2 protein chains.
Amino acid sequence: MLVYYLRSMARIKIEKNTSRKEVIVSKAASLFREKGFKAASMRDLAEAVGVEAASLYNHIKSKTELLHELCFGVANRFMHHMDQVEAKKTNSIDKVEELVRFHINEMINHYEEVYVSDREWKHLSDPYLSNFQNQRRMYRKRFAAIIETGIRNKEIKAIDAPTAVLIILHAIGGIESWHRSTKKIDADALTSNMITILVGGLKND
Amino acid sequence: MLVYYLRSMARIKIEKNTSRKEVIVSKAASLFREKGFKAASMRDLAEAVGVEAASLYNHIKSKTELLHELCFGVANRFMHHMDQVEAKKTNSIDKVEELVRFHINEMINHYEEVYVSDREWKHLSDPYLSNFQNQRRMYRKRFAAIIETGIRNKEIKAIDAPTAVLIILHAIGGIESWHRSTKKIDADALTSNMITILVGGLKND
DNA sequence: AATCATTGCTAACACATGTTAGTATATTAT
DNA sequence: ATAATATACTAACATGTGTTAGCAATGATT
């Protein structure tokens with residue numbers, strides 16, 4: 001059967017040095033953040049990319065793969081940064097401050113991915129799910145260990161280190177709200193406010 | 001057509017002074033927290049309640065109604081408590097501490113509902129959605145106003161009050177992790193740790 | 001110009017979803 | 001006991017879902 005097309009086919013627009021898959025993953029991040037992984041459909045994603053749903057599968061394996069890419073992309077960046085911080089020869093408070101700064105930066109510069117990785121990892125399927133949870137647990141353990149060292153050195157108040165880690169991580173995750181807000185506080189002011197409250201609350205003075 | 005049933009019909013078990021609808025709403029809270037609102041199906045819920053999916057509709061209007069009940073139930077409790085705190089004649093730090101204590105208590109005693117209200121309100125539909133968002137905004141404004149009063153009185157460090165509110169609220173939201181953890185820290189210790197870090201970080205000393 | 005890989009399209013599938021209709025069974029009130 | 005109400009069941013519906021098959025257009029390579 002012969003079919004005549006009057007308008008030309010759509011095409012995923014790419015910039016220099018970015019694959020079409022990267023474009024899809026990036027749009028998926030926005031969409032998953034906005035509606036949640038389950039509520040965001042492949043047809044929604046296709047529309048955002050400017051193409052039909054089926055066409056996406058020339059570039060990706062499945063919807064879940066998109067979530068993998070996002071979650072592990074973020075997790076790997078955090079793990080790599082933790083390696084660097086641990087290797088440094090500074091005191092514990094400075095290490096904590098550097099971790100906090102990195103988190104805030106990631107939240108500001110890679111907002112959508114970080115947010116999705118934080119909130120939607122539940123929907124990973126099982127070889128990946130356990131893997132992700134392990135990485136998460138490890139990261140928190142290492143973070144807590146730094147705080148515990150600080151407590152032994154009397155740099156930091158004698159609080160429960162794992163509790164402190166959770167407080168810090170979740171507090172930073174709350175930056176979401178500014179991205180929706182119109183009167184955005186500038187990044188530097190935001191960072192220094194958070195450092196004051198979070199690190200200030202730990203310090204033994 | 002005549003049908004003979006060999007086993008008796010299931011029935012939603014209720015305790016004294018609880019309607020069957022309340023049982024459903026409560027099970028829905030667990031389920032929505034565990035899988036997310038979109039991923040949790042009415043058939044899942046039916047199974048958790050011990051009944052067929054269609055039977056649920058003798059007690060509830062729709063799946064979304066369940067989310068309404070949960071979200072506004074929680075929101076109303078917080079609003080009511082805010083009324084009480086504002087009416088008190090204590091200083092700002094004490095008011096903040098009381099708000100924090102209430103949040104922690106709610107998180108511990110009504111964990112599932114609070115969690116769902118916090119994470120799944122996005123899936124409300126529009127007359128309710130705007131309403132909920134407004135309530136949320138109002139609550140945060142009133143919280144921030146208390147902190148600002150404290151700053152003017154030199155009780156509290158000169159930080160950005162809305163930032164402080166977000167940090168506090170999200171930090172408390174992070175208690176989730178303990179409910180999954182086996183070695184649960186006891187509630188009092190948890191609370192005092194959080195007060196130390198959060199309120200301690202605000203205090204001007 | 002011919003060939004081949006890439007990328008898009010339409011159509012369709014199998015399945016899960018929320019919900020309703022109609023009916024049977026339990027419980028409560030008369 | 002009878003009637004009335006509350007609650008459950010089976011069956012089915014319409015719709016939305018992720019995904020695949022098969023083919024058409026485009027771009028790159030020879």
Side-chain angles (χ1 to χ4, degrees), chain A residues 1-16 18-25 27-28 31-32 35-70 120 123-125 128, chain B residues 1-25 27-28 31-32 34-70 120 123-125 128:
Chain A
M1 178 186 174
L2 252 164
V3 183
Y4 295 91
Y5 291 102
L6 295 180
R7 31 178 213 118
S8 64
M9 274 176 152
R11 204 108 205 278
I12 299 178
K13 293 193 187 105
I14 54 176
E15 331 226 318
K16 192 88 180 210
T18 65
S19 69
R20 283 180 227 280
K21 179 170 177 174
E22 284 169 325
V23 173
I24 295 174
V25 171
K27 291 279 184 187
L31 212 70
F32 293 171
K35 315 185 114 187
F37 176 74
K38 271 285 177 184
S41 78
M42 293 304 276
R43 285 164 179 88
D44 289 338
L45 178 55
E47 192 181 351
V49 170
V51 99
E52 292 299 314
S55 308
L56 297 171
Y57 289 83
N58 287 318
H59 306 280
I60 62 165
K61 219 165 81 339
S62 67
K63 186 186 183 186
T64 325
E65 189 203 4
L66 292 169
L67 194 57
H68 299 165
E69 302 254 339
L70 290 168
E120 305 292 330
H123 301 103
L124 287 170
S125 26
Y128 299 92
Chain B
M1 178 185 177
L2 252 164
V3 183
Y4 294 91
Y5 293 101
L6 296 180
R7 35 180 208 116
S8 64
M9 275 175 151
R11 203 104 203 280
I12 299 179
K13 292 191 187 108
I14 55 177
E15 330 227 319
K16 193 90 180 209
N17 290 338
T18 64
S19 68
R20 290 187 162 75
K21 178 168 177 176
E22 283 168 326
V23 173
I24 294 174
V25 172
K27 291 277 184 189
L31 212 70
F32 292 172
E34 191 190 324
K35 314 184 115 188
F37 176 74
K38 271 285 175 181
S41 78
M42 293 304 278
R43 285 166 179 86
D44 289 338
L45 178 56
E47 193 182 351
V49 170
V51 99
E52 291 299 316
S55 309
L56 298 172
Y57 290 84
N58 286 317
H59 306 279
I60 62 164
K61 219 166 80 339
S62 66
K63 186 187 184 188
T64 325
E65 190 203 4
L66 293 169
L67 194 57
H68 300 164
E69 302 253 341
L70 290 169
E120 305 292 331
H123 301 104
L124 288 169
S125 28
Y128 301 91

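Keep in mind the model is a prediction, meaning the values are calculated, not measured. Every chain is numbered from 1, with letters handed out A, B, ... down the list of sequences.
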Mind calculating the distance between NZ (Lys63(B)) and C1' (dT19(C)) to the nearest angstrom? 12 Å

Just compare dC9(D), dG18(D), dA12(D) and give me whichever is closest to any side-chain atom of Tyr57(A). dG18(D)

His59(A) vs dT6(C): side-chain N/O to OP1/OP2 distance below 4.0 Å: no

Against Leu66(B), only a single residue in Ile60(B), Leu31(B), Leu56(B) fulfils side-chain contact (heavy atoms from CB on, under 4.5 Å); can you say which? Ile60(B)

From CZ of Phe32(B) across to C1' of dG18(C) the rounded distance in Å is 12 Å

Between dG18(D) atom P and Leu56(A) atom CG, what is the distance in whole Å? 10 Å

For the backbone of Phe37(A) and the side chain of Lys63(A), can you confirm whether one donor and one acceptor N or O come within less than 3.5 Å of each other? yes

For Arg43(A) and dT20(D), what is the distance between atoms CZ and P respectively, to the nearest whole Å? 13 Å

Scan Ala40(A) against the nucleic acid and name what it touches under 4.0 Å (heavy atoms): base, sugar-phosphate only, or nothing. sugar-phosphate

Do you know the tightest heavy-atom contact between Ser62(B) and Tyr57(B)? CA-CE2, 4.1 Å

Show the atom names and distances, to 0.1 Å, of all donor-acceptor pairs under 3.5 Å that link a side chain in residues 42-50 of chain B to residues at least two apart or in another chain.
| unit_1 | atom_1 | unit_2 | atom_2 | d |
| --- | --- | --- | --- | --- |
| Asp44(B) | OD2 | Lys35(B) | NZ | 3.2 |
| Asp44(B) | OD2 | Ser41(B) | N | 3.2 |
| Asp44(B) | OD2 | Ser41(B) | OG | 3.4 |

So if I take every side-chain heavy atom of Val51(B) and compare against dC9(D), dT19(D), dG18(C), which nucleotide ends up nearest? dC9(D)

Categorize Ser41(B) for me: base, sugar-phosphate, or nothing, with a 4.0 angstrom heavy-atom threshold over every strand shown. sugar-phosphate

Does the side chain of Ser55(A) get closer than 4.0 angstrom to OP1 or OP2 of dC9(C) through an N or O atom? yes

Looking at dA6(D), does its base get a donor-acceptor pair with the side chain of Asn58(B) below 3.5 Å? no

In whole Å, what is the span from the CE atom of Met42(B) to the P atom of dC9(D)? 14 Å

Residue Glu52(B), side-chain atoms from C-beta onward, closest of dT19(C), dC9(D), dT19(D): dC9(D)

Does Arg20(B) put a side-chain nitrogen or oxygen below 4.0 Å from OP1 or OP2 of dA8(D)? yes

When rounded to whole Å, the CD1 to P distance for the pair Ile60(A) and dT20(D) reads 10 Å

Among dT7(D), dG8(C), dT20(D), which nucleotide has an atom closest to any side-chain atom of Ala54(A)? dT20(D)

Between CG of Leu45(B) and P of dT17(C) the distance, given in whole Å, is 12 Å

Under 4.0 Å between any heavy atoms, over every strand shown, what does Arg11(B) touch: base, sugar-phosphate, or nothing? Just pick one. sugar-phosphate

Using whole Å, what does the distance between atom P of nucleotide dG18(C) and atom NE2 of His123(B) come to? 12 Å

Would you find a donor on one side and an acceptor on the other, under 3.5 Å apart, between the side chain of Glu22(B) and the backbone of Ser19(B)? yes

